[in-house]
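Structure first, commentary second.
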Amino acid sequence: MSSPSILGGTSLFTGFTKLCKGLAVVLAAGHIVVQILPPAVNYLALIPARYLLTFQFVNSLSLHSLTIPFVWNLITAGYIEQSIYGVVASTLCLLIMGKLLEQVWGSKEFLKFIFIANFLISVCVFITAISLYYITRRENYLYMPISGFQGILAGFLVGIKQIIPDQELSLLRIKAKMSHYVLIGAVVNVMQWFSSLMLLIAIAISFFTAESATYLPTLIFGTYMSWIYLRYFQRKPETKLRGDPSDEFAFSSFFPEFLRPIIDPIASIFHRMLCGRFETSTEAHGDTLGGAPLPGSDPIEATRRRERGARALEERLATAPSAEELKKDASENV
């Protein structure tokens with residue numbers, strides 16, 4: 001995918017897009033509403049008990065109470081931050097990561113990703129809360145208000161992991177100082193592991209906090225649902241294909257190298273279960289051009305191109321003169 005560098009050009013703290021600014025206003029407005037009108041949380045946040053039709057029978061026949069499900073909470077809950085720290089952190093992360101992703105995906109696909117991921121996260125969190133209630137019989141799983149943009153932010157980290165391999169060569173521009181390459185390479189490597197590190201830290205913190213049920217499922221499902229969408233369903237306008245079949249974006253790439261031989265067989269089972277029909281229909285429609293795969297549709301060839309590009313870049317860096325040599329040559333010419 002040809003796209004602008006995610007770290008080149010303008011600073012990370014400038015050049016925010018109109019769409020990201022608009023979403024930031026939505027987050028700020030949602031926080032202000034629940035601060036001015038605290039009961040609004042019951043109508044905007046996700047409260048699993050509101051989706052259950054609860055019948056209490058008095059004298060075996062009369063209906064005593066009926067809880068009406070608030071279906072819109074599956075959409076609104078993701079945009080409601082209940083704490084000032086949450087709204088500040090979510091706004092900053094939205095503006096920075098959103099700018100990086102929107103310039104690669106486009107505004108329409110960026111907004112589509114947020115809507116789909118937010119809805120799927122809410123559905124999965126609801127199912128998890130109901131399941132935990134029936135397993136533990138603890139009513140706090142039913143009545144705790146769940147909300148926040150953290151699930152979408154977890155999805156943004158997955159999106160950044162996806163676009164990092166395509167950006168590496170554009171990031172490594174020829175500079176005078178060789179230390180610049182080390183810095184950029186370190187940033188790229190760390191960004192590839194952001195989503196995994198975030199989940200690891202969140203799981204570790206959950207052992208020491210009682211409020212983990214309000215954010216941990218959201219982060220986990222935000223990561224996993226976003227990966228499923230980007231891996232199998234996101235449409236690529238330049239190839240008219242869906243998903244990202246590259247090895248760099250496989251499920252095992254979220255884990256350390258020594259765990260991948262264990263993760264790959266398990267992931268392949270779920271891959272065949274969930275996406276076997278999808279792949280069959282793709283092959284039946286023939287995503288080929290004259291009997292050959294379309295450019296970018298072969299993950300092995302894509303990996304080879306990246307390796308060739310990396311080798312070419314290393315050779316170019318090795319032969320490029322340093323800044324001191326350039327100054328020395330210039331002084332000799334003078």
Side-chain angles (χ1 to χ4, degrees), residues 1 3 6 74 78 93-94 97-98 100-102 104-106 109-128 148-168 188-203 215-236 239 241-257 259-279 282 296-297 299 302-303 306:
M1 180 187 296
S3 53
I6 64 174
L74 294 173
C93 293
L94 165 64
M97 292 191 291
L100 304 180
L101 292 172
E102 187 180 348
V104 176
W105 292 346
E109 176 59 34
F110 179 70
L111 190 60
K112 179 183 176 182
F113 170 82
I114 293 177
F115 180 82
I116 293 177
N118 178 55
F119 179 78
L120 292 177
I121 292 168
S122 297
V123 171
C124 292
V125 169
F126 164 73
I127 295 174
T128 301
F149 202 67
Q150 62 269 14
I152 303 298
L153 296 180
F156 285 172
L157 292 177
V158 177
I160 290 177
K161 174 181 174 61
Q162 179 198 36
I163 66 176
I164 281 294
D166 291 333
Q167 299 291 334
E168 288 177 339
V188 169
N189 289 330
V190 171
M191 291 181 73
Q192 288 180 323
W193 289 98
F194 270 172
S195 57
S196 301
L197 291 174
M198 177 270 300
L199 280 183
L200 181 62
I201 294 173
I203 293 173
Y215 67 84
L216 187 58
T218 305
L219 293 176
I220 293 175
F221 288 120
T223 301
Y224 190 58
M225 291 296 107
S226 299
W227 176 79
I228 289 179
Y229 173 75
L230 296 175
R231 177 73 169 176
Y232 299 110
F233 300 104
Q234 186 186 47
R235 182 176 292 277
K236 302 294 182 64
T239 61
L241 299 179
R242 290 181 180 272
D244 182 353
S246 63
D247 293 336
E248 291 84 355
F249 199 54
F251 185 70
S252 60
S253 65
F254 289 85
F255 298 87
E257 190 72 31
L259 290 177
R260 294 181 185 180
I262 303 175
I263 300 297
D264 278 329
I266 301 175
S268 64
I269 295 174
F270 288 96
H271 174 81
R272 288 192 295 268
M273 290 173 55
L274 298 175
C275 306
R277 293 182 179 179
F278 172 77
E279 289 185 340
T282 301
S297 61
T303 302
R306 291 193 182 101

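Note that the structure is predicted; figures quoted are calculated from it, not measured.
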Would Tyr232 and Trp227 satisfy ring-ring contact (aromatic ring centres under 6.0 Å, His included), going step by step from the backbone distance to the final call?
-> CA-CA 8 Å; Tyr232 299 110; Trp227 176 79; 5.7 Å; yes

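- Using bins of under 30°, 30° to 60° and over 60° for the plane-to-plane angle, the ring pair Phe251/Phe254 lands in the tilted bin.
- Within the 4.5 Å cutoff, the side chain of Ser253 has heavy atoms near those of the Lys161 side chain.
- Within the 4.5 Å cutoff, the side chain of Gln234 has heavy atoms near those of the Glu109 side chain.
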Any chance you could lay out the side chain to side chain contact (heavy atoms under 4.5 Å, CB included) test for Tyr224 and Val158, step after step, and finish with the verdict?
-> CA-CA 9 Å; Tyr224 190 58; Val158 177; over 6 Å; no

Give the C-alpha distance, both sets of side-chain angles, the deciding distance and a yes or no for side chain to side chain contact (heavy atoms under 4.5 Å, CB included) between Arg242 and Tyr229.
-> CA-CA 9 Å; Arg242 290 181 180 272; Tyr229 173 75; over 6 Å; no

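- Residues Met198 and Leu219 form a side-chain contact, since some pair of their non-hydrogen atoms from C-beta on lies under 4.5 Å apart.
- Considering only heavy atoms from C-beta on, Ile152 stays 4.5 Å or farther from Leu94 through its side chain.
- Ile116 has its side chain out of reach of Phe233: every pair of non-hydrogen atoms, C-beta onward, lies at least 4.5 Å apart.
- When side chains are defined from C-beta on, Ile262 does not count as touching Phe255, because their heavy atoms never get closer than 4.5 Å.
- When side chains are defined from C-beta on, Leu230 counts as touching Phe113, because their heavy atoms get closer than 4.5 Å.
- Rounding to the nearest 0.5 Å gives a distance of 5.5 Å between CE of Met97 and CD1 of Ile160.
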